[in-house]
Protein chains: 2
Amino acid sequence: MALIGQQNMSTKDLKRVSGSEAVELPEGERPTLKTIAFMAGLGVTTVSRALKDAPEIGRATKNRVQLIAKQIGYRPNRAGVRLRTGKTNVISLVLNAQSEIMGLTSNMVYGISEILSQTPYHLTVTPYSVENDPMQPIRYIVETGSADGIIMSRTEPDDARVRYLTEHGIPFATHGRTEMGIEHPFHDFDNEAFAYKSTKSLLIKGHKKIAMVAGPTSAVTYHRHLDRGFSRAIEEGGAQAILVPDIDVDTSLECIRDRMEEIMSGRNRPDGIVCCSGSAAIALVAGIEAAGLKIGRDVDLVSKQSTDILKWFRPEIIVFNEDIRHAGRELARAVLRRIEGVDARELQSLSYPEE
Amino acid sequence: MALIGQQNMSTKDLKRVSGSEAVELPEGERPTLKTIAFMAGLGVTTVSRALKDAPEIGRATKNRVQLIAKQIGYRPNRAGVRLRTGKTNVISLVLNAQSEIMGLTSNMVYGISEILSQTPYHLTVTPYSVENDPMQPIRYIVETGSADGIIMSRTEPDDARVRYLTEHGIPFATHGRTEMGIEHPFHDFDNEAFAYKSTKSLLIKGHKKIAMVAGPTSAVTYHRHLDRGFSRAIEEGGAQAILVPDIDVDTSLECIRDRMEEIMSGRNRPDGIVCCSGSAAIALVAGIEAAGLKIGRDVDLVSKQSTDILKWFRPEIIVFNEDIRHAGRELARAVLRRIEGVDARELQSLSYPEE
DNA sequence: CTCCCAGTCTGAAACGTTACAGGTAGGCTA
DNA sequence: TAGCCTACCTGTAACGTTTCAGACTGGGAG
């Protein structure tokens, strides 16, 4: 551990500008406020203020300083700013490191980055393993002050993280909604609308026995929305809902397939299925086909997908798309504006299923 | 907290306490070296050194200081360390923000995080858009000193980023190899072995006209390896290589399918195909089936995959697995050890195709 | 002529850390 | 007894930034 700092390309012995004029030109080293101050013949304070357009600095001076800064490619030292102000200029994406088949995480990351790339913010990713407490990374970030804002997913109706962050006044945005009477920034896909529309589309095709996967077993909020939309459509259509028990967002694909085969081999099998994730749909299909049935003939399947894969898999599947990259953009925008102090209620958005 | 009263024995300690600073008890604020120094009745310098087990600090003192630090949950302030030492404790993952169907990026991120979670390092992700210069994020990181080490992918035989980082002495590790006479840390999947083995397996099945997708059109190094393994196996087996021109790592799936359909409808169509990515395989299958052929009957397909999806898609596809999460772990380990000063040649690893 | 004010600019201090150059006490050598 | 060494510990300065409390103009008011 004594070795760690050693890579740090030494030769730091540069003549320092102390009180008098030890001439230091923009050689090798990164320019700082001091460099600009020296070049402009001003004090560091003035330069600092000039660069942020403070009103007590003359127009001419500001222009001059800003010109120099641009010319020599000045970039504020993040450590300096952070130490002095506590502002990290970091947004942390907290997610669970579950293996996933589709590029869900990637698209979220890319969406967020798209927004952050036009700001001084950096993005750090903090996964937590499935067996760990989801609160742990959150606590770490808050206790060490290592980010100005947090984006997280797998939001639950009563979410301990939301409560904790709200109590501590840390800006955050969630992918998904809560139901705990706390107003906070979020972005969510309207899963109720999806479930409703997709169930409807099955009803219109004349199906009468409809199943939804995965059901409301899970702790995650959006399953409640799915259930709501599903139940509403079922009721309106006077159809029968077939239950698919014990499947949630973490159920393995193998398990989904087996469960599905079982159900599709039973005598009360559904003629229409609503599925809420692309990967689950793939397992469903395997189960259905293992039961000797065929999508689009014996049973219709409508699924949400966050990546355009199902059309390659079985073109017969009816798909609705959830744009995760867009979610990433929305969440990034929300958390940034929250940091600026915008009211949480203005930072809540939904996106709607598109066929 | 429990240790507050613990001002033990000596009388001379008191002079420090009453001597200069205002008495500042461990309030809501985060503890710093000063807090510990006050509690232990020592100087900040001593505490700093005691915490890193410096030899010039007495055993007893070290134990005492470390105990206090643990008790009050002391965490070094990253900004302080970074400002003073230049060490950021950040690893940056630089990747291109191409949409991807499989969870390639995610698994890389998770693999890296697995390693970093046991260290003080954080992971930042810096995507660059496809139309941008790949050098841009690299330059940014180096110029602003915003990471201690870099991990990057899409490595090319003559890679400008590798040259630049080597010249600047910045630790990095690449996913994939270069061919430019510069020794640097890398992890790579042995694509030559994969191409050789998979082509062999087709030869053994009696196939005589074999195609490989994607071909060596791409700038990325690993296509050369694929080509080498493929050619070697073809030569040994006295088979015929069917060319699939103009397909590279960035070709859209639609385009791959169309090209494939065309080729499979031609009169000199292959009876065996080697494919180097799961998503390309999906498009290939579509093309093959559009030509009215069937995998496993008219043509055999062997593909690499980085996520276990092909078995769901067409179980007839013969698969080899590339473990991206493992690659992430290897790369993280490599860049960390490089930061510690380990020779680059000791930080080069390959992983081998597994069926 | 003085006084005050607005408009500009400034040095010092502080954030938390580590490197440097000592300092002190006690014991051992000569 | 003086001198020196070892084992521990210490204060100060510095990293780059922002905030605080001035300080210096020139000019207008009294």
Spacing between A:Glu56 atom CD and D:dA21 atom P, to the nearest angstrom: 14 Å
Report yes if a side-chain nitrogen or oxygen of B:Lys87 is closer than 4.0 Å to either non-bridging phosphate oxygen (OP1 or OP2) of C:dT18; otherwise report no. no
C:dC9 P sits how many Å from A:Lys62 NZ, rounded? 10 Å
Given atom CG of A:Asn77 and atom P of C:dT17, what is their separation to the nearest angstrom? 16 Å
When you measure from the side chain of B:Thr45, which nucleotide among D:dT17, D:dG11, C:dT8 comes out closest? D:dG11
Between C:dC9 atom P and A:Arg59 atom CZ, what is the distance in whole Å? 11 Å
Considering only heavy side-chain atoms of A:Val81, the closest of C:dT17, D:dT18, C:dC9 is D:dT18
Residues B:Glu156, B:Arg161: salt bridge by 4.0 Å N-O rule: no
Report yes or no: does A:Ser349 contribute a side-chain atom to a donor-acceptor pair with the main-chain N or O of A:His187 at less than 3.5 Å? no
Go through C:dT17, D:dT18, C:dA19 for me and flag the one nearest to the B:Leu33 side chain. C:dT17
Non-hydrogen atoms of B:Ala327 and B:His175 that approach each other most closely: CB-NE2, 3.8 Å
Of the listed nucleotides D:dT17, D:dT12, D:dC15, the one nearest the side chain of B:Leu83: D:dC15
Which comes earlier along DNA chain D counting from the 5' end, the contact point of B:Thr46 or that of A:Lys52, where each point is its nearest nucleotide? B:Thr46
Between B:Glu143 and A:Arg30 (salt bridge meaning N to carboxylate O under 4.0 Å), is one present in this structure? no
Nearest heavy atom decides the nucleotide; on that basis, is A:Gly41 or B:Gly80 closer to the 5' end of DNA chain C? A:Gly41
Out of C:dC9, C:dT18, C:dA13, which has the shortest distance to the side chain of A:Leu42? C:dC9
Roughly how many Å is it from CG in B:Asn89 to P in C:dT17, rounded to a whole number? 13 Å
Indicate whether OP1 or OP2 belonging to D:dG16 is found under 4.0 Å from a side-chain N or O atom of A:Ser48. no
For A:Arg49, report the nucleic acid contact type (base, sugar-phosphate, nothing); a contact means any heavy atom under 4.0 Å. base
How far apart are the closest heavy atoms of A:Pro134 and A:Ile138, and which atoms are they? O-CG1, 3.6 Å
Please pick, from D:dC8, C:dA12, D:dC15, the nucleotide with the shortest atom-to-atom distance to any side-chain atom of A:Lys34. D:dC15
Whole angstrom is fine here: how far is it from CZ in A:Phe38 over to C1' in D:dG16? 18 Å
May I ask you to decide whether B:Glu183 forms a salt bridge with B:Arg345, counting only side-chain N to carboxylate O separations under 4.0 Å? no
Spacing between A:Glu29 atom CD and D:dC15 atom C1', to the nearest angstrom: 11 Å
Using only side-chain N and O atoms of B:Thr85, determine if any of them is under 4.0 Å from OP1 or OP2 of C:dT18. no
Using whole Å, report how far CG of B:Leu51 lies from C1' of D:dC9. 15 Å
Which one, C:dA13, D:dA21, C:dT17, comes nearest to the side chain of A:Arg84? C:dA13
